[in-house]
Amino acid sequence: MLSAIPYVEAQELNCRVTVDRSQVQSTGISVFATLEDAISDYLNTRKRTDAEISTNERIDCMFFFTITRYEPPEMSGTLQVQSSRPIYNSVYTTTLLNFKDNKIDFEYNEGDPLVFSENTFENNLTSILDFYAYLIIALDFDSFSPRGGEPYYKAAESIVYRAQSSGESGWRAFEDTRNRSALLSAYTDSPASALRDMLYEYHRKGLDIMVLSPDKGRHAITSSLKYLQQIHEARPMSVGLEIFRDAKLDELVNLYTRSNTEERNRAVKVLEQVYPSETQRTTMIKQGVNK
């Protein structure tokens, strides 16, 4: 991690949780507030790694639940998950994950405790929370050291395997190209897993040195785009490509405003191949403008 502040043992996540019930017609609104508090407590008070993490180094993330159906105790809806990390010697933060899960189904009775179990499938809600918690941690660690998130992908993989036998939706392989199984595969299956190498090169070798050497950092970022090309050629439907687009294209527009024409053209050549429908943003990169 980046900070030199003395170590004080802390949990890994600094998570902001919202449960939006606006689409549900129900008089029992207190259950949603209780659920929001329970999820926040579950994510923010549990330590999931052996890493020495100080309070200020916790990973900033957001879980935004939109509940669209409530028939007690069953809830259904969507979940938007975002996470970010700081950039070295800067007040700037960069997005690592911005993903919408459209298959959120679980049971919850007001006041029920959310129980963590490392080796068994307790219920769908805690499994979903654990899966995304470990994925967020894995991505963060990958961005600081080469494939540093390996044990946390393994933990997420174990959750997927246990959940697949439960019969709950959103977990089964080949059920959906954007479900949780497909999301994990985008980072763990070869050759799509090259996205993990990109996480390190883009962030640690690129963004983290831009304050001291903007040209060198930007060159590393341009070089890292080759992984997108490799993934696109082998797995053009990989959800990992969508995740990079949603997290990084606007950032790239800003990064290349001060770049030379040759470097902008190198970046655009890759991005136009991988994201042919993103003509507005690739044109902005090509022209070196951010408005």
Pairing donors with acceptors under 3.5 angstrom, does anything connect the side chains of [X] and [Y]?
X    : Y    : value
K103 : S76  : no
T120 : S117 : yes
N56  : S54  : yes
T222 : E263 : yes
T126 : N123 : yes

I'd like to know whether E36 forms a side chain to side chain donor-acceptor pair (under 3.5 Å) with T18, so could you lay out the CA-CA distance, the side-chain angles of the two residues, the decisive distance to 0.1 Å, and finally the verdict. CA-CA 6 Å; E36 186 174 281; T18 301; 4.9 Å; no
Identify whether NZ of Lys or CZ of Arg in R85 sits under 6.0 Å from the centre of the six-membered ring of F144 and within 45° of that ring's axis. yes
Would you verify whether the NZ or CZ of R258 falls within 45 degrees of the ring axis of Y256 while also being under 6.0 Å from that six-membered ring's centre? no
Partner set under side-chain hydrogen bond (donor to acceptor under 3.5 Å, both in side chains) for Y132, not counting sequence neighbours: D101
Contacts of S22 that satisfy side-chain hydrogen bond (donor to acceptor under 3.5 Å, both in side chains) - sequence neighbours left out: D20
Under 4.0 Å between a side-chain nitrogen and a carboxylate oxygen: does that hold for R264 and E262? no
Strictly below 4.0 Å, N to O, side chains only: are E150 and R147 in salt-bridge contact? no
Can you say whether the rings of Y70 and F32 are parallel (under 30°), tilted (30 to 60°) or perpendicular (over 60°)? perpendicular
Do [X] side-chain atoms and [Y] backbone N/O form a donor-acceptor pair below 3.5 Å?
X    : Y    : answer
E12  : R48  : yes
S224 : I221 : yes
R245 : L241 : no

Go through the steps for S223 and E201 under the test side chain to side chain donor-acceptor pair (under 3.5 Å), then give the verdict. CA-CA 8 Å; S223 179; E201 294 190 19; 4.8 Å; no
Rounded to the nearest 0.5 Å, how far apart are OG of S83 and CZ of F63? 9.0 Å
Would you give the length of the straight line joining atom CD1 of I159 to atom CZ of R180, rounded to the nearest 0.5 angstrom? 11.0 Å
L184 vs F131, side-chain contact (heavy atoms from CB on, under 4.5 Å): CA-CA, chis, key distance, verdict: CA-CA 9 Å; L184 182 64; F131 171 80; 4.1 Å; yes
What residue among L43, I39, D41 forms side chain to side chain contact (heavy atoms under 4.5 Å, CB included) with L114? I39
Applying the side chain to side chain donor-acceptor pair (under 3.5 Å) test to Q82, which of N98, T95, D60 qualifies? N98
